[in-house]
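Quick notes on the structure that follows.
Convention: sequence-line order gives letters A, B, ...; per-chain numbering from 1.
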Amino acid sequence: MSIRVRFAPSPTGVLHIGSVRTALFNWLFARHNSGKFLLRIEDTDKLRSTDENTKLIFEILKWLEIDWDEEPVIQSSRIERHKEIAEGLVKQGKAYYCYCSPEELESKKEEAKKKGIPYKYDGTCQNRTDIPEGINPVIRLKADIAGATTIHDLVQGEVTVKNSQLDDMILLRSDGTPTYMLSVVVDDHDMGITHVIRGDDHLTNTFRQIQIYKACGWDIPTFGHIPLIYGPDGSKLSKRHGAVSANDYKELGYLPEAIFNYLLRLGWSHGDDEIISKENAINWFDFDNVGKSPSRFDMAKLQNLNAYYMRQKENSSLFDVLKYYINTQLTKQQEAYILKGLNSLKERAKTLVELADASNIYINAPTSFDESCSKYSTPKHIDALKQVINIIEEMNVLIEEELCSRVKELARSLDMKLVDIAQAIRGALSGKLVSPSVFEVMSIIGKTESTLRIKRYISYYDD
RNA sequence: GUCUCCUUCGUCUAGGGGUCUAGGACACCGCCCUUUCACGGCGGCAACACGGGUUCAAAUCCCGUAGGAGACGCCA
């Protein structure tokens, strides 16, 4: 039988980066085994679900090139089916109507808590004969509390839970809508899911869900529960750690390739391999090498990977994604400048946001000079800069190597170090003391613009 | 509280009884390259949670302890 897996996010919030990893592992497993990767939007909580979140789920998956098969299933459209199953179970005597009010149950929970015993629904309504008027009942499953249930989890291995831990869970709410437990099981069954791969926060739910499978007489799929991703301090990943939603990482300037590779290596490994292409990921992926322990999100490693993929990326396609992060409309000339300078720019940036910022040297002349520039603004430096202007003017076109050697010559004749003149030029060109090679920059922006920037620097300091 | 899961350098991990004086990557530190910053190259720091077993031999198997996480909803 061919493998069918699904990714089933709920659009009640932003798409968590940990969920993206779950999607990735599902996708890899499907592609590795030539199976199907399906999507299901779990939007039964209509109050908290938004179309915006749903849209973002599709966008992020596309961005990462995690493609899905078949039409996505919208869970809310299947409520009638869920209801039908729940009512069918009542008819078969495997489930029953429960008229206990939320208040009654609440007080029973309180009581159990006081006594220090775990709360379980006591089954009051299982044999109820007096049907109260005017109360909308819920449907509860009759739990089979005998024996134990064991699963062979793809990640966690053999896990056994005593059935006495379980109680009669609610399948259908009093308003007639299905609970999560019911809808996942019914949908997974109807979609023909063979392997349920999800976060390990669902591990204990699995045993409840198996009860539903059994009551319905359906085949139980194979489960795989992957550990969650935590923040750098081991607590739940939250906003204060930087970013939680996958979309945030895009905005922060990360390449999808970097996110893909980072997420893949977080919790899964293939020997000492660190840089893994999509093709190899598909070829190599398996659950034997998924770790059981939770992992922490390390922004520094992501940045390193991102820097690597930016350097690897061919300039024109890197420029295409870079445009998204540059806020101004570029002229044809500015585009050409950036493209020429990209080789040097890209090895100095860790994110696309940084790269966009560094590209500014080819877009705008500095409007101010960093405090640190003043160190290179003594009369000696100013004099040298004036002579640099002379050199520029003597040249027909600014050729990087020639310009460099002529300025070196100048430094010798003035008995200065090259670094002193170069830093003064850098300040003039960028307003900062950090940039790609000044000779490269000047050769790209040309004689006029170079001269202009240097002159401005001179008049700023020389008065 | 009950149940379930987890525990190798700061972080991600390799390791599945002897080849482990525990390997790689990121981060950090130093050196080299160098017009700055980076890139790159070389080197360094740094871990088997603890306690018992089993065994000739344990990071690796078993049992405890401690710590961490998750579940226990008419949320998903």
Considering only atom P, compute the distance from B:C63 to B:G68 and round it to an integer number of Å.
-> 23 Å

Paired to B:C20 by Watson-Crick or G-U wobble criteria (both distances under 3.5 Å) is none

| message | Please give the distance between the C1' atoms of B:U13 and B:U34 as a whole number of Å. | response | 34 Å

In whole angstrom, give me the gap between the P atoms of B:C29 and B:A66.
39 Å

By nearest-nucleotide position on RNA chain B, the 5'-leaning member of A:Thr204 and A:Arg21 is A:Arg21

Taking B:C6, B:U4, B:G70 as options, the one with an atom nearest any side-chain atom of A:Gln156 is B:C6

- Query: What do you reckon, are the aromatic ring centroids of A:His195 and A:Phe29 less than 6.0 Å apart?
  - Reply: yes

Rounded to whole Å, the CD-P distance (A:Gln312 to B:C39) equals 14 Å

Using a heavy-atom cut-off of under 4.0 Å over every strand shown, decide if A:Ser344 touches base, sugar-phosphate, or nothing. nothing

Mate of B:C39 across any strand shown (Watson-Crick or G-U wobble, both atom pairs under 3.5 Å) is none

(message) Less than 4.0 angstrom from a charged side-chain N to a carboxylate O is my criterion; do A:Asp167 and A:Arg208 meet it?
(response) yes

Between the side-chain atoms of A:Ser174 and the base atoms of B:C74, is any donor-acceptor pair under 3.5 Å? yes

Between NE2 of A:His82 and P of B:C74 the distance, given in whole Å, is 18 Å

As its Watson-Crick or G-U partner within any shown strand, both distances under 3.5 Å, B:C33 has none

Practice prompt. Would you classify A:His202 as touching base, sugar-phosphate or nothing, given that sugar-phosphate means primed atoms plus P, OP1 and OP2, and contacts are heavy atoms under 4.0 Å?
Written response: base

Ordered by number, residues from residues 354-364 of chain A within less than 4.0 Å of RNA chain B (heavy atoms) are none

key: Check: B:G70 base within 3.5 Å donor-acceptor of A:Asp200 side chain   = no

request  = Scan A:Cys373 against the nucleic acid and name what it touches under 4.0 Å (heavy atoms): base, sugar-phosphate only, or nothing.
outcome  = nothing

In whole angstroms, the gap separating P of B:C72 from CZ of A:Phe207 amounts to 14 Å

Here the distance between atom C1' of B:C5 and atom CG of A:Leu154, to the nearest Å, is 16 Å

A:Glu440 atom CD is separated from B:U36 atom P, nearest whole Å, by 15 Å

When you measure from the side chain of A:Arg140 to the backbone N and O of A:Cys125, does any donor-acceptor pair fall under 3.5 Å? no

Residue pairs meeting salt bridge (Lys or Arg N to Asp or Glu O under 4.0 Å), one or both in residues 404-430 of chain A, sequence neighbours left out, come to A:Glu394-A:Arg406

pair_partner(B:A66), Watson-Crick or wobble, both distances < 3.5 Å, evaluates to B:U7

B:G1 -> Watson-Crick or G-U wobble partner, both distances under 3.5 Å, gives B:C72

The answer to which of A:Pro436 and A:Arg311 contacts RNA chain B further toward the 5' end, by nearest nucleotide, is A:Pro436

Exercise for review: Check whether any side-chain nitrogen or oxygen of A:Lys292 sits under 4.0 Å from OP1 or OP2 of B:C6, and answer yes or no.
Suggested key: yes

For B:C61, the nucleotide meeting Watson-Crick or G-U wobble distances (both under 3.5 Å) is B:G53

Could you check whether A:Lys346 and A:Asn315, counting side-chain N and O atoms only, form a donor-acceptor pair closer than 3.5 Å? yes

- prompt: C1' atom, B:C56 versus B:G70: distance in rounded Å?
  reply: 42 Å

Original post:
Any donor-acceptor pair under 3.5 Å linking the side chain of A:Lys120 with the backbone of A:Ser164?
Top reply: yes

Closest non-hydrogen atoms of A:Met442 and A:Leu403, given as atom of the first, atom of the second and distance, are CE-CD2, 3.6 Å

#### Entry: B:G16 to B:U60 separation - C1' atoms, rounded to the nearest Å
6 Å

Among the nucleotides B:U35, B:U4, B:C12, whichever has the atom closest to the side chain of A:Arg265 is B:C12

- prompt: With rounding to whole Å, what would you report as the distance between B:C50 and B:C12 at their C1' atoms?
  reply: 24 Å

message = With a cut-off of less than 4.0 Å, is there a side-chain N or O of A:Arg198 near OP1 or OP2 of B:A76?
response = no

The correct set of residues in residues 418-429 of chain A placing a heavy atom under 4.0 Å from RNA chain B is A:Leu418, A:Val419, A:Ala422, A:Gln423, A:Arg426

Against the side chain of A:Glu274, the closest entry in B:C39, B:C74, B:A25 is B:A25

inquiry  = Using 30° and 60° as the class boundaries, would you call the ring planes of A:Phe369 and A:Tyr461 parallel, tilted or perpendicular?
reply    = tilted

Can you label the angle between the A:Trp284 ring and the A:His270 ring as parallel, tilted or perpendicular, going by 30° and 60°? parallel

task: For B:U2 versus B:G10, give the span between their C1' atoms, rounded off to a whole number of Å.
output: 35 Å

*Could you give the distance separating B:A46 and B:G24 at their C1' atoms, to the nearest angstrom?*
14 Å

Testing B:A76, B:U35, B:G24 for proximity to the side chain of A:Asp272, the answer is B:G24

N/O donor-acceptor pairs under 3.5 Å from side chains in residues 382-391 of chain A, not counting sequence neighbours:
{"from": "A:Asp383", "atom 1": "OD2", "to": "A:Gln387", "atom 2": "NE2", "distance (Å)": "3.4"}
{"from": "A:Lys386", "atom 1": "NZ", "to": "A:Asp462", "atom 2": "OD2", "distance (Å)": "3.4"}

Side-chain contact check for A:Glu347: nearest option of B:C74, B:A76, B:A38 is B:A38

Check for a donor-acceptor pair, side chain of A:Asn261 on one end and backbone N or O of A:Ile276 on the other, with a separation under 3.5 Å.
yes

So salt bridge (Lys or Arg N to Asp or Glu O under 4.0 Å) across residues 292-310 of chain A, not counting sequence neighbours, yields A:Glu274-A:Lys301

Side-chain donor/acceptor of A:Ser430 to backbone N/O of A:Gly427, under 3.5 Å: no

Among the nucleotides B:U2, B:C37, B:A76, whichever has the atom closest to the side chain of A:Met181 is B:A76

Rounded to whole Å, the CH2-C1' distance (A:Trp268 to B:G15) equals 16 Å

- Would you indicate, yes or no, if B:A14 has its OP1 or OP2 atom less than 4.0 angstrom from a side-chain nitrogen or oxygen of A:Ser269? yes

TODO: Look at the rings of A:Tyr97 and A:Tyr99 and say which category their plane angle falls in: under 30° parallel, 30 to 60° tilted, over 60° perpendicular.
DONE: tilted

### Task
Record whether the side chain of A:Ser293 comes under 3.5 Å of the base of B:U7 through a donor-acceptor pair of N or O atoms.
no

Expected label for B:C50 (glycosidic angle, syn inside 90° of 0, else anti) would be anti

Note: contacts of residues 294-310 of chain A with RNA chain B (heavy atom, under 4.0 Å) are A:Pro294, A:Ser295, A:Arg296, A:Asp298, A:Ala300, A:Lys301, A:Asn304

Taken to the nearest whole Å, CD1/A:Ile229 to P/B:A69 is 17 Å

Verify whether the ring centers belonging to A:Phe297 and A:Tyr262 lie closer than 6.0 Å. yes

Closest of B:C37, B:A76, B:C3 to the A:Glu42 side chain is B:A76

Return yes if some donor-acceptor pair links the side-chain N/O of A:Arg265 with the main-chain N/O of A:Trp268 below 3.5 Å, else return no.
yes

